[in-house]
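Please read all numbers here as calculations on a predicted model, not as lab measurements. Naming: A, B, ... by sequence-line order, numbering from 1 per chain.
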Protein chains: 2
Amino acid sequence: MSGPLTERRQTILKLVIQEFVDTATPVASETLVRKYRLPVSPATVRNDMAALEELGFLTHPHTSGGRIPTDAGYRFFVENLMERTSLSPAEQRMIRHQFYQVRGELDQWVQLACAVLARTAHNASVATAPRAEQLRFKSLELIAIHETMVLAVMVFHSGIVKQQTLPIEPGRTPEDLRRAAGIVSDLLADTTLSRAEELAATATLNGVPLSDFERGLVDLVVRAMQAFEEQAQEQIYSDGLLEMLSQPEFLPASGRDDAERAIERMRRTLEILKSGRGLSPLIPQALASGGVQVIIGGEHGEDAMRDYSVILARYGVEGAIAGVLGVIGPTRMAYPRSISTVRYIASLMSNLLAELYNVNARPSEVETDPQDDQHA
Amino acid sequence: MSGPLTERRQTILKLVIQEFVDTATPVASETLVRKYRLPVSPATVRNDMAALEELGFLTHPHTSGGRIPTDAGYRFFVENLMERTSLSPAEQRMIRHQFYQVRGELDQWVQLACAVLARTAHNASVATAPRAEQLRFKSLELIAIHETMVLAVMVFHSGIVKQQTLPIEPGRTPEDLRRAAGIVSDLLADTTLSRAEELAATATLNGVPLSDFERGLVDLVVRAMQAFEEQAQEQIYSDGLLEMLSQPEFLPASGRDDAERAIERMRRTLEILKSGRGLSPLIPQALASGGVQVIIGGEHGEDAMRDYSVILARYGVEGAIAGVLGVIGPTRMAYPRSISTVRYIASLMSNLLAELYNVNARPSEVETDPQDDQHA
DNA sequence: CCTTAGCACTCTCGCCTCACGAGTGCTAAC
DNA sequence: GTTAGCACTCGTGAGGCGAGAGTGCTAAGG
């Protein structure tokens with residue numbers, strides 16, 4: 001009964017989605033014909049819409065009132081109907097420029113990526129800090145703040161830096177500190193957590209037992225590595241909440257009922273972003289696969305996310321360090337634009353990191369274009 | 001006509017505020033009598049309420065429907081009626097414990113303070129990172145990440161640390177780096193920005209001109225100090241948005257009209273917190289004065305903040321470093337609790353910083369109790 | 001002069017009804 | 001397969017109504 005998915009029906013599906021993304025109101029057959037000058041009558045469009053509904057791509061909330069896409073409809077759109085676009089050169093330039101301005105300040109990259117993503121995709125954005133696949137210690141520096149307080153800077157392969165203040169007994173000279181730091185650095189150089197724990201237990205370097213101070217430093221490093229390792233679920237940064245909340249989904253269209261729901265949605269959204277609930281499960285998945293992942297609505301089963309789509313991409317340097325960034329917003333989302341934004345910023349960040357590690361440092365002028373994106 | 005502000009009227013004002021803070025609904029004369037077993041009749045209370053209204057401390061939104069406090073009413077309450085409380089020892093202990101767990105990790109203190117403030121005061125919280133009154137350079141360390149990339153760690157008096165990656169030409173040994181960093185540290189040690197700029201211009205140490213590499217490093221430091229100095233308005237961290245948004249102010253009490261306003265309020269609030277608009281002007285003020293500042297509603301003229309109260313306190317070490325932290329929420333706020341929370345956390349942070357700087361390091365066991373709080 | 005009971009008045013809230021209009025689904029003709 | 005015509009559905013908004021809450025006022029009482 002449903003009939004085949006003819007060329008025209010695909011066009012109609014595409015137009016319904018475009019129109020709905022634009023206007024946020026259910027789209028009627030006549031509107032479509034008028035606005036896009038279709039060479040058929042509204043009645044024909046209605047028939048096709050009914051077919052698309054039976055195929056599961058459209059639905060209508062009320063008997064009257066136009067059609068809206070289902071999750072499956074968006075899915076089909078993303079995979080088959082959407083043309084692959086790139087950000088305009090002007091936008092790419094603007095974004096690169098912003099990153100250029102904080103070059104060197106590694107710790108600001110993630111924040112900046114979030115801010116730019118949000119502004120460009122007009123939705124909320126999320127990102128995790130880049131994380132080394134395996135943490136390997138590199139060196140320790142001690143910097144005196146005053147006589148009884150030093151700042152311990154631990155550097156790990158992959159460039160992750162952790163700083164911590166540490167009280168010491170007074171009377172140590174800078175030379176003392178340097179020697180102690182050198183000893184610890186030598187002892188633990190290039191070790192992973194488990195090896196570091198072993199070495200901490202023996203507490204000798206070349207047969208010479210460590211001093212109490214040095215052992216304290218070793219413990220400090222080991223604890224820092226443990227903390228890092230334990231912190232199983234990555235902290236998720238986010239930005240652009242306001243950007244997302246100015247989407248019409250969060251306006252009370254009409255009726256008190258709707259208003260209440262809008263507020264509830266707002267609160268839920270905040271919770272998702274703050275806690276990462278419903279979001280964290282997606283991270284490992286995105287880390288594992290290359291390309292851009294698109295998760296539409298309730299596809300991954302998390303009920304809290306039923307009304308949201310997430311577009312995620314991995315960024316980083318193969319085999320060294322990786323993180324995830326993406327966009328989150330209502331399922332009614334400008335997928336082409338969001339996807340290209342995510343793809344562009346992920347590749348930009350990857351190039352920046354590659355430059356930092358001096359591997360494969362192609363100029364970040366061109367957007368790399370992975371052959372095929374992964375879809376959930 | 002308005003009559004004097006008798007003892008009883010003050011009591012009634014206090015009870016109205018208490019009740020309104022609890023229930024978030026306008027309070028009626030009869031409720032008051034019943035709930036607090038007043039030895040007078042509702043009619044008497046009504047008369048007093050009318051007097052309080054003429055005095056500008058109360059108002060009522062509709063002819064029917066009970067009274068609510070005005071900004072002036074809250075102000076009088078805060079200054080004259082409210083009893084000064086402290087957090088319970090149990091709560092104090094819990095808070096101290098949380099700070100204890102991140103001791104040493106200076107960069108997390110502000111975040112933690114925000115989180116704790118929000119949870120304890122059930123409202124949103126804001127804080128600025130501690131900022132040195134005058135930035136003075138201390139030392140520079142260079143840590144090789146790999147052959148062509150170093151991490152420059154700049155330490156300033158006051159313990160502020162800034163890190164930045166820096167590309168270098170390959171072939172430099174760790175010893176090279178150490179020497180260069182040492183030279184720059186010696187040259188710029190203890191300098192303020194203006195002096196550092198002068199020294200950068202001459203580019204000699206003890207008459208010996210600097211190498212190109214060393215000059216690059218000096219420039220790096222100067223730029224970092226400039227950036228710090230220029231960044232006129234402090235970045236404001238915040239937390240507890242959700243905490244605040246679950247206040248009944250942000251629920252649609254009834255009617256579609258109200259719902260729309262609730263959503264608008266929500267959006268505005270977000271904007272205030274994200275951008276700091278309406279908040280930033282308060283920061284310098286709070287930095288300048290000791291004690292706890294309470295700004296109620298539209299008192300400071302900023303229209304965007306008309307419905308909010310802010311409670312701010314300065315924290316830090318006199319003459320060395322200072323920041324601001326506080327609570328923001330609807331004017332209908334549990335002032336005693338919020339104020340004591342802010343006061344406690346500010347003094348805790350101050351003690352922790354004092355310990356770090358080894359000045360005046362009293363144990364942070366007792367809440368310091370400043371003699372008098374400043375009110376706007 | 002302060003307090004209190006009584007009472008009329010006001011205003012919100014929730015509920016219902018009703019008419020309107022948008023958009024569909026169906027049927028029959030092309 | 002397409003189209004015109006038409007009945008039908010249902011959300012939306014306006015208007016009305018009754019109930020209830022709480023006040024302001026007035027007059028009586030301590």
How long is the line joining CZ of A:Arg46 and P of D:dC6, in whole Å? 14 Å

What residues 18-39 of chain A contributes to the DNA chain C interface at heavy-atom separation below 4.0 Å is A:Val27, A:Ala28, A:Ser29

A:Arg267 atom CZ, neighbour heavy-atom count above 12 within 6.0 Å: yes

Between P on D:dG22 and CG on B:Asn47, what's the gap in Å once rounded to a whole number? 17 Å

Quick check on contacts: within residues 58-67 of chain B, what sits under 4.0 Å from DNA chain D by heavy-atom distance? B:His60, B:Thr63, B:Ser64, B:Gly65, B:Gly66, B:Arg67

Closest contact, heavy atoms only, B:Glu249 versus B:Arg332: OE2-NE, 2.6 Å

Tell me which nucleotide among D:dT3, D:dT23, C:dG25 gets nearest to the side chain of B:Met49. D:dT23

Quick check: do B:His300 and B:Leu282 have side-chain heavy atoms less than 4.5 Å from each other? yes

Please identify each residue that fulfils side-chain contact (heavy atoms from CB on, under 4.5 Å) with B:Glu91, with sequence neighbours left out. B:Leu87, B:Ser88, B:Thr120, B:Arg337

Derivation of the side-chain hydrogen bond (donor to acceptor under 3.5 Å, both in side chains) call for A:Tyr36 and A:Thr11: CA-CA 11 Å; A:Tyr36 297 94; A:Thr11 307; over 6 Å; no

Between atom CD in B:Glu53 and atom P in D:dC25, what is the gap in whole Å? 11 Å

Closer than 3.5 angstrom, by distance alone: can the side chain of B:Ser125 be matched with the main-chain N or O of B:Cys114 as a donor-acceptor pair? yes

Output yes when at least one side-chain N/O atom of B:Arg8 is less than 4.0 Å from OP1 or OP2 of C:dC2, else no. no

Determine whether the side chains of A:Ser41 and A:Thr44 contain a donor N or O and an acceptor N or O closer than 3.5 Å. yes

Taking only Lys NZ, Arg NE, NH1 and NH2, and the carboxylate oxygens of Asp or Glu, determine whether A:Asp48 and A:Arg8 approach each other closer than 4.0 Å. yes

Just how far, in rounded Å, is C1' of C:dG25 from CG of A:Asp48? 14 Å

